[in-house]
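The structure appears right after this line, and notes come after that.
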Amino acid sequence: MPQYQRPTGTLDILPEEQPYWYHVRSRARHLAELAGFERMDVPIFETTEVFARGVGAGTDIVDKEMYSFEDKGGSPITLRPEFTAGIVRAYIENGMHVRSQPVKLYTFGPIFRYERPQAGRYRQHTQFNVEILGEQDPIADLEVMLLAWDLYADLGFRDLAFQLNSTGCPQCKPQYVSLLKAYYDERYAQACDDCHRRLERSPLRVLDCKSKQCQPIIAAAPHIADHLCPECEAHFAALRQYLELLERRYTINHLLVRGLDYYTKTVFEVWAAGIGAQSAVCGGGRYDGLAELLGGPPTPGVGFGSGMERIILVMQELDVEAPPIPSPAVFLVHLGAPAKRKALELTYALRTEDVSAWISHGDRGLRSQLREAGKRAAHYAVILGENELASGVASVRDMEAGEQVDVQLSDLVTWLKEHVRGRLSVPNTSR
RNA sequence: GUGGGUGUGGCCUAAUGGUUAAGGCACCUGGUUGUGGCCCAGGAGAUUGUGGGUUCGAAUCCCAUCACUCACCCCA
């Protein structure tokens with residue numbers, strides 16, 4: 001029974017799980033940069049107000065899921081429950097509106113929400129986040145969506161399709177909301193208790209209620225897509241056209257309304273199996289009013305967040321393997337104190353030449369050391385004992401072939417470097 | 001916040017209420033002078049999540065608590 005356990009809803013990511021993380025991060029980074037997105041990192045915590053205003057009082061995230069506290073100076077601080085509000089704050093604070101617009105940004109990092117954990121849901125999870133700021137053209141919506149799509153396709157996801165909807169703008173959304181409320185007023189008694197609460201707090205959410213009794217009501221409810229203003233209508237139509245042009249499958253989902261207050265026009269998700277009752281690996285949309293809400297210049301924006309843990313769960317569900325992290329190129333075996341000193345010198349000489357090298361720790365028998373070399377899947381074991389030191393020749397054992405050759409100690413580093421070249425590359429590690 | 005399920009060495013699993021809680025994987029050490037993987041032998045590792053209770057006796061029954069897990073709410 002361990003004395004200390006990790007806090008509820010957090011994850012230890014062990015070495016054997018790292019290949020997935022390396023791979024997803026490295027592909028995401030590659031594809032983002034290929035599409036002209038630049039990396040920008042923002043703090044893990046912000047002044048509470050950034051999220052309270054940005055995400056919106058009344059949302060579950062703000063009302064009951066934030067990790068908020070006062071720091072030692074008494075400032076209200078919140079661990080970020082999502083990326084967008086912080087990114088927009090940074091855009092404003094750093095005067096990024098004076099750069100060539102749009103600004104295309106991506107980042108990775110931990111996100112915190114106080115929720116009851118379940119399959120595919122954690123209190124600390126990691127998101128890959130992408131935003132385009134300063135562009136109202138629906139081509140920006142398309143660009144962020146394509147990046148999500150291309151990443152999942154690259155990672156081996158099958159049967160991709162976007163869930164797509166438009167939630168209108170301050171012009172047309174309120175009218176639709178009144179329409180929907182009026183519709184529900186007539187059926188109030190048939191709706192479930194949760195929906196009664198939703199009608200007060202965030203009326204659009206009644207549309208994705210799962211209770212059986214609400215299904216008939218939902219099925220006949222008016223669609224927001226039929227009540228968009230001409231501008232939103234045109235935006236939505238253009239986006240759909242682009243998606244069709246590029247043959248990215250999508251489903252218009254009239255029930256897709258995302259939980260955060262700031263969404264305008266486009267909202268989308270990508271669904272996948274293998275993440276428990278959760279369906280979305282990716283969720284995002286447009287937030288044209290957010291920058292102003294946070295005190296900045298009017299700046300349209302569109303982006304998405306994608307949960308890394310969920311991506312990896314889906315990959316595992318699909319039996320997608322991640323490229324392994326290379327094992328050591330050379331394992332140095334030594335017998336006797338003088339040989340140990342020589343082995344130590346060689347180890348560091350190899351590492352200086354970018355050849356990964358393990359030196360056997362302790363003072364054990366040859367058998368035991370070779371056993372370890374095998375277990376660590378080293379490509380070569382270099383054996384140094386009294387004989388080798390005396391003759392100036394090391395025994396170099398190819399662990400896979402089980403064959404052994406003699407190599408002059410003076411040539412050893414060069415010889416290993418030659419033989420190891422091309423077999424190994426240490427993967428890029430980004431946070 | 002609500003509801004269901006589950007807690008036995010690092011991992012997986014066994015033990016009709018009855019001796020020192022058993023096995024497998026993994027780990028460590030050996031198997032004649034200095035050669036890995038297979039095999040063989042040995043070793044280390046558990047107050048059965050925790051705290052109470054019932055009982056002559058509890059891993060086993062009861063209560064509480066904590067954790068994990070699944071689902072709801074909500075979300076990536």
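In what follows, chains are A, B, ... by sequence order, proteins preceding strands, each numbered from 1.
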Can you work out whether Leu11(A) or Val257(A) has the more 5'-proximal nearest nucleotide on RNA chain B?
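Its nearest nucleotide lies further toward 5', so the answer is Leu11(A).
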Toward the 5' end of RNA chain B, which comes first, Gln404(A) or Leu260(A), by nearest nucleotide?
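Counting from the 5' end, the first nearest nucleotide belongs to Gln404(A).
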Touch check for [X], heavy atoms < 4.0 angstrom, all strands: base, sugar-phosphate only, or nothing?
X: Thr8(A); result: sugar-phosphate
X: Arg205(A); result: sugar-phosphate
X: Ser368(A); result: sugar-phosphate
X: Gly120(A); result: base
X: Glu386(A); result: base
X: Arg376(A); result: nothing
X: Arg113(A); result: base
X: Arg116(A); result: base
X: Gln124(A); result: nothing
X: Ile311(A); result: nothing
X: Ala373(A); result: nothing
X: Tyr122(A); result: base

Of the nucleotides [options], which one has an atom closest to the side chain of [X]?
X: Arg121(A); options: C73(B), G34(B), C72(B); result: C73(B)
X: Ala280(A); options: C74(B), A76(B), A71(B); result: A76(B)
X: Glu115(A); options: C27(B), A76(B), A71(B); result: A76(B)
X: Arg258(A); options: G34(B), C27(B), A76(B); result: A76(B)

Given the [atom1] atoms of [N] and [M], what is the spacing between them in whole Å?
N: C28(B); M: U47(B); atom1: C1'; result: 24 Å
N: U19(B); M: G57(B); atom1: P; result: 15 Å
N: U8(B); M: A46(B); atom1: C1'; result: 8 Å
N: G51(B); M: A58(B); atom1: P; result: 15 Å
N: G49(B); M: U60(B); atom1: P; result: 8 Å
N: U54(B); M: A41(B); atom1: C1'; result: 46 Å
N: G24(B); M: C39(B); atom1: P; result: 13 Å
N: U50(B); M: G9(B); atom1: P; result: 10 Å

Are Glu33(A) and Arg39(A) close enough, and set up right, to give a salt bridge (charged side-chain N to carboxylate O under 4.0 Å, His left out), and what steps lead you there?
CA-CA 8 Å; Glu33(A) 288 173 0; Arg39(A) 172 118 182 200; over 6 Å; no
Is it the case that the base of [N] and the side chain of [X] share a donor-acceptor contact (distance under 3.5 Å, atom types as modelled)?
X: Arg371(A); N: G37(B); result: no
X: Gln5(A); N: G49(B); result: no
X: Arg310(A); N: C75(B); result: yes
X: Arg397(A); N: U35(B); result: yes

Would Arg89(A) and Glu46(A) count as a salt bridge (charged side-chain N to carboxylate O under 4.0 Å, His left out) if you check the C-alpha gap in whole Å, the side-chain angles of each, and the deciding distance to 0.1 Å?
CA-CA 9 Å; Arg89(A) 188 231 86 224; Glu46(A) 298 272 355; 2.5 Å; yes
Rounded distance (nearest 0.5 Å) linking atom CD1 of Ile252(A) with atom CG of Leu164(A)
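Separation between the atoms: 4.5 Å.
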Drop me the distance from Arg123(A)'s CZ to Arg116(A)'s CZ, to the nearest 0.5 angstrom.
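Rounded to the nearest 0.5 Å, the CZ-CZ separation comes to 7.5 Å.
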Assess whether salt bridge (charged side-chain N to carboxylate O under 4.0 Å, His left out) is satisfied between Glu200(A) and Arg197(A), documenting all intermediate values.
CA-CA 5 Å; Glu200(A) 300 301 316; Arg197(A) 277 193 293 108; over 6 Å; no
Among Tyr91(A), Tyr262(A), Phe83(A), Tyr263(A), whose ring pair (Phe, Tyr, Trp, His ring centres under 6.0 Å) with Tyr287(A) holds?
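Exactly one candidate clears the test, Tyr262(A).
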How close or far is atom P of C73(B) from atom CG of Asp63(A), stated in whole angstroms?
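Those two atoms, CG and P, are 17 Å apart.
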Measuring to OP1 and OP2 of C73(B), would you say a side-chain N or O of Lys64(A) lies under 4.0 angstrom away?
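Checking C73(B) against Lys64(A), no side-chain N or O comes under 4.0 Å of OP1 or OP2.
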Got a sec: does the OH of Tyr114(A) have more than 12 other heavy atoms crowding it under 6.0 Å?
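Not more than 12 within 6.0 Å, no.
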